[in-house]
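Note sheet for the following structure.
Reminder, nothing fancy here: chain letters follow the sequence lines and each chain counts from 1.
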Amino acid sequence: MAIGYACLTIGVPGTELSRCTLKNASEVRLRELIIHNLTALEAMIDYNIKNNLMFFRISSDIIPFGSHPVNQLAWWKDYEDILYSIGRKIRESQMRVSMHPGQYTVLNSFDENVIENAVKDLLYHDRLLDSLGMDSKSKLVLHIGGVYGDKKKAGKEFVNNFKKLPNSIKNRLILENDDKNYTTQEVLEIAEQTKSPVVFDNLHNTLNPSLKSLDEMEWMIECGKTWRTEDGKQKIHCSQQGKGATPGSHSNTIWMNPFLEFYANVPAEADIMLEVKDKNLSAVKCRNTACYNANGMELEKEWAKYKYYVLSRSAALYSEIRQLLKDKKSPLAKEFYEKVETAMILSEDKGAEVNAAEHVWGYISKDSSTAEKNRFQKLISGYKNGDNSIVPVKKHLLKCAAIRKIDYLIESYYFYL
DNA sequence: TGACGTCAAGATCCG
DNA sequence: CGGATCTTGACGTCA
């Protein structure tokens, strides 16, 4: 059982991905981007190892235009060594990685060109995993695709096109229920014909329920039966509906208590991929509360990253959590994260924001230049009287912290939440 | 024709 | 001119 996150790492310098538009995709630019993104990927892998996050989805954007004719580079050869050394870290740590071509990779289209592009895109993803030296337990998640007015027929088209794929892709593909078209039940029927494992997605299953009425646990068991030894552990997607957002959009964080209820029904062996905006933050939180009760030392590490964020929401909560962590013998991971989540749902409090900003500024002010001082004062008073939001204040503080290489501040979630 | 989703690039605006 | 903020891009389907 591992809990993972997708594509991006928050609050870790050096993990930012870059890209370009089609018209700027020169060979030189593409090479720069590939080097940059592989370096970022390695930083994400390092972070995962250091933080014992052993399940991870690699972003499709690592190789820009990876399946587009504008990119004619033999990147898998030119960057073989970097790819291999990243892959070695993944294997030696026994991390499981996967990829997920997006909603625009449609294998069952009635348009020949779209199918052709989908196959190219699958080849790109497969090749990246191969280049890292991953085996077929490193999966490619795919949706069935469009309906085109006749779902049965479109499902058959998917199976037909699947059969034409190279074996290495067939062995990697796993099929996921989606939020609008193909239900868990329908995906299971298609997967039976392609002999593919099925990924259960809880939010999609809620938004687009099957005809047959099974509960979440029963569907997860049904999907579990499609996973063979050579596929590795069953994979499950977990996300929560963003409050006040359009149906299907992901929440800012995985709320702990609903997650724990969901987790109780997840088959013991399954790996859970979280789809959530705060990425690694939720993965750590869910791991620390669901898989085991994190000890005081681990919570102190988390607190170091959350503290200025919490302070920026509420000084009272800040004090409460500090008090909570003083008693390190009793189990308190859930209480800790419950309070952090309380901070997240508070509405903006200008007094608290100013207090936190000034607190952070305290680490910088001692050796700050006049220009830095003036800018901080200007932005803070601008925030107080409504000329600007807190965002530029935080940006300025982060910049000052980065210049001084104050890791303790740079890694604070205060700047990223 | 635009919404959908993603998130950095690119463009524009502002002092 | 630098920095903040707003808009575009690239993909395919569906209303």
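- Residue A/Lys277 is classed as having no contact, given no heavy-atom separation below 4.0 Å to the nucleic acid.
- Comment: A/Arg57 engages A/Glu275 in a salt bridge, judged by a side-chain N to carboxylate O separation of less than 4.0 angstrom.
- Electrostatic pairing of A/Lys285 and A/Asp278 does not count as a salt bridge here, judged by no charged N lying under 4.0 Å from a carboxylate O.
- Using a cut-off of 4.0 Å between Lys/Arg side-chain N and Asp/Glu carboxylate O, A/Arg127 and A/Asp130 are scored as not salt-bridged.
- Within the 4.0 angstrom heavy-atom criterion, base atoms lie near A/Gln103.
- The only member of A/Leu128, A/Asp121, A/Leu122 that meets side chain to side chain contact (heavy atoms under 4.5 Å, CB included) when paired with A/His125 is A/Asp121.
- Regarding contacts with the backbone of B/dA9, a side-chain N or O of A/Ser18 is found under 4.0 angstrom from either OP1 or OP2.
- A salt bridge does not link A/Glu348 with A/Arg313: none of the charged nitrogens is closer than 4.0 Å to a carboxylate oxygen.
- Heavy-atom nearest nucleotides on DNA chain B were determined for A/Gly248 and for A/Glu16, and the one closer to the 5' end corresponds to A/Gly248.
- Taking 4.0 angstrom as the limit, A/Arg19 places none of its side-chain polar atoms (N or O) nearer than this to OP1 or OP2 of C/dT8.
- Along DNA chain B, the nucleotide nearest to A/Tyr104 and the one nearest to A/Leu17 differ in position, and the one closer to the 5' end is contacted by A/Tyr104.
- A salt bridge between A/Glu372 and A/Arg375 is absent, with no side-chain N of the basic residue lying under 4.0 Å from a carboxylate O of the acidic one.
- Using a 4.0 Å cut-off, some side-chain N or O of A/Thr21 falls inside it from OP1 or OP2 of B/dG10.
- Within the 4.0 Å cut-off from OP1 or OP2 of B/dG5, at least one side-chain nitrogen or oxygen of A/Thr246 is found.
- For A/Val106, taking side-chain heavy atoms from C-beta onward, the closest of the listed nucleotides B/dG10, C/dT13, C/dC14 is C/dT13.
- Within 4.0 Å (heavy atoms only), A/Lys151 reaches no atom of the nucleic acid at all.
- What separates NZ of A/Lys23 from P of C/dT8 is a distance of 13 Å, to the nearest Å.
- The side chain of A/Cys20 sits closest to B/dG10 out of C/dT13, B/dG10, C/dG3.
- Nearest-nucleotide positions on DNA chain C place A/Lys399 closer to the 5' end than the other of A/Lys399 and A/Asn108.
- A/Asn117 comes within 4.0 angstrom of sugar-phosphate atoms only, judged by non-hydrogen atoms across all strands, and of no base.
- With distances taken from any side-chain atom of A/Val114 to the nucleotides C/dG3, C/dG12, B/dA8, the minimum falls on C/dG12.
- In this structure, A/Asp178 atom CG and C/dT13 atom C1' are separated by 11 Å, rounded to whole Å.
- Whole-Å rounding puts the A/Lys378 NZ to B/dC14 P distance at 14 Å.
- At C/dC11, one or more side-chain N or O atoms of A/His68 fall inside 4.0 Å of OP1 or OP2 (strictly under the cut-off).
- Contacts of A/Ser109 with the nucleic acid, taken as non-hydrogen atoms under 4.0 Å apart, involve only primed sugar atoms and P, OP1 or OP2.
- Separating the CG atom of A/Leu203 from the P atom of B/dC4 is a distance of 16 Å, rounded to the nearest angstrom.
- When each of A/Lys395 and A/Asn181 is assigned the nucleotide of DNA chain C with its nearest heavy atom, A/Lys395 is the one assigned upstream, toward the 5' end.
- Residue contacts shown for A/Arg29 are absent, as no nucleic acid heavy atom lies under 4.0 Å away.
- In this structure, the CG atom of A/Asn24 is 14 Å from the C1' atom of C/dA10, given to the nearest Å.
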